[in-house]
Protein chains: 2
Amino acid sequence: MPKPGVEPVRRKALIDAAIAAIGARGSLDVTMSDIASRAGVSSALAHHYFGAKEELLQATMRRILADLGGDSVKALRKAATPRERLSAIVNVNFSASQFRQEIIQAWLAFYVEAQKSQPLRRLLRVYARRLHANLMSGLVPLMPRAEAERMAEGIAAMIDGLYIRRALRDGLPNPASAAALVEDYVDAKLRRARPAPAND
Amino acid sequence: MPKPGVEPVRRKALIDAAIAAIGARGSLDVTMSDIASRAGVSSALAHHYFGAKEELLQATMRRILADLGGDSVKALRKAATPRERLSAIVNVNFSASQFRQEIIQAWLAFYVEAQKSQPLRRLLRVYARRLHANLMSGLVPLMPRAEAERMAEGIAAMIDGLYIRRALRDGLPNPASAAALVEDYVDAKLRRARPAPAND
DNA sequence: TTTTATTGATTGATCAGTCAATAAATCATC
DNA sequence: GATGATTTATTGACTGATCAATCAATAAAA
């Protein structure tokens, strides 16, 4: 069976399996065996490619982050005005590819794990900073910098909060209304900062 | 040593110890031995009083919930107007007794655990509903019901989000500015719903 | 003497991580 | 284009550690 060159395939399969396992369990409390068998390989092979479990988990988080990052740049490229940039970011976070039960649960689980794991904490910081920067790129042209900073914080918090509530299946049922809630906040705040942008 | 009547003392000590352990670890991944030794007793005694670990954890969550609930009713009693009720609720959530590192981390950890544990999920639902009801009591007099519902969702999400970000030590550094951010959102939305309330 | 409090020792289960063994593909050399 | 060496893939079996949960034993109060 050993056909050289499977490594990238296996790595991807294991990361996918990790996301699935985390989503199914609702926490990072998944065994290597569970992940491996979902990927159709033995746990020994998972260790072979990733070493410690922690590394597989980090790779998984990196992948989720990278997917979100990819979607974000794609969406931002299409945005012409600052206001559109804001919408682009909000919409990406609630898009079908991101706002899925398993991804949401993985986020939540990683947030908790980051309390113990320095590398994971660093990864989440990267995400937080990137989100902040993206939001600022839309906010800064519309209001004074200090106000923009605060508002970026507010938007980010609301997005994170909507994720949590969705994980509990207790918040808004559909992504669209979650996104609309954030947009609503943005509009309410923007209304007094400057004349509203021309579109819409 | 056995002096009858220690049971409530021990139970309280164990719950306190559980909060401390969870806060220190940043997750529910704490051992009974750790909790017990923090309370100055053996792990066997913890099992004696609580049975399974899960029950101790549930009791701990119940306690955190009860404390928040207690603070909330106290704060609401002092609020005269609907707008004051909103501020009261927001302020309680960011008060010194609630917005502490260990409590915040416990919340986060319980959110994750609730994905696996039905009883914990039920407890969190109770909390969510109570928060919602409290917010509605302030919002309904100020705007149409449907709008109030949405706004309650938005406020709750923002509070949860600020908790998360605080857990990562990545969000607002002090409780006051977190609370101010939520108030700001409320004000921005209220400005167009009706004439602003008289206070302030 | 019955009840309540308390623990040390033990058990059983679960898992991460290791390792030696196997096997197929690729390569080197004649 | 056969042959042996090397690399890559893969696993079952094992080890060691950790922990929740149990229990029998002890001791003090009622």
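Quick caveat: nothing in here was measured; it's all calculated off a predicted structure. To find a chain, count down the sequence lines: A is the first, B the second, and so on, and within it residues start at 1.
- With rounding to whole Å, A/L45 atom CG is found 17 Å from C/dA23 atom P.
- Looking at B/K78 and B/E84, no side-chain N of the basic residue comes within less than 4.0 Å of a carboxylate O on the acidic one, giving no salt bridge.
- Between the side chain of B/R130 and the backbone N or O of B/L65 there is at least one donor-acceptor pair closer than 3.5 Å.
- Rounded to whole Å, the distance from CD on A/E7 to C1' on D/dT10 is 13 Å.
- Remark: the backbone N or O of A/I22 is not paired with any side-chain donor or acceptor of A/R25 at under 3.5 angstrom.
- Residues that satisfy the side-chain hydrogen bond (donor to acceptor under 3.5 Å, both in side chains) test with A/Q101, not counting sequence neighbours, are absent from this structure.
- Contacts between residues 13-23 of chain B and DNA chain C, defined by a heavy-atom separation below 4.0 Å, involve no residue at all.
- In this structure a side-chain-to-backbone donor-acceptor pair under 3.5 Å is present from B/R11 to B/Y49.
- Checking the phosphate oxygens (OP1, OP2) of D/dT8, no side-chain nitrogen or oxygen of A/R10 falls inside 4.0 Å.
- Between C/dA5, C/dT7, D/dG12, one nucleotide has an atom nearer to the side chain of A/S42 than all others, and that is D/dG12.
- Dashed line: the shortest gap from a side-chain N or O of B/Y49 to OP1 or OP2 of C/dA5 is under 4.0 Å.
- In this structure, A/D34 atom CG and C/dT14 atom P are separated by 14 Å, rounded to whole Å.
- Counting only N and O atoms by type, the side chains of A/S97 and A/D71 include a donor and acceptor under 3.5 Å apart.
- Counting heavy atoms from C-beta outward, A/E113 and B/S27 have side chains that stay 4.5 Å or more apart.
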So which protein N/O to nucleotides 16-20 of chain C N/O distances come out below 3.5 Å?
from: C/dA16; atom 1: OP1; to: A/K53; atom 2: NZ; distance (Å): 2.9
from: C/dA16; atom 1: OP2; to: A/M32; atom 2: N; distance (Å): 3.0
from: C/dG17; atom 1: OP2; to: A/H47; atom 2: NE2; distance (Å): 3.3
from: C/dG17; atom 1: OP2; to: A/K53; atom 2: N; distance (Å): 2.7

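- Applying the side-chain hydrogen bond (donor to acceptor under 3.5 Å, both in side chains) criterion to A/S87, with sequence neighbours excluded, gives A/R83, A/E183.
- Rounded to whole Å, the distance from CZ on B/F50 to P on D/dT22 is 16 Å.
- Contacts of residues 105-115 of chain A with DNA chain D (heavy atom under 4.0 Å): none.
- The side-chain contact (heavy atoms from CB on, under 4.5 Å) test applied to B/A114 returns A/L168, B/L120, B/R121, B/L124, not counting sequence neighbours.
- Under the 3.5 Å distance criterion, with hydrogens and angles disregarded, a donor-acceptor pair is assigned to the side chains of B/N174 and B/S177.
- Ring geometry, B/Y163 versus B/F99: the interplanar angle exceeds 60°, so the pair is classed perpendicular (tilted spans 30 to 60°).
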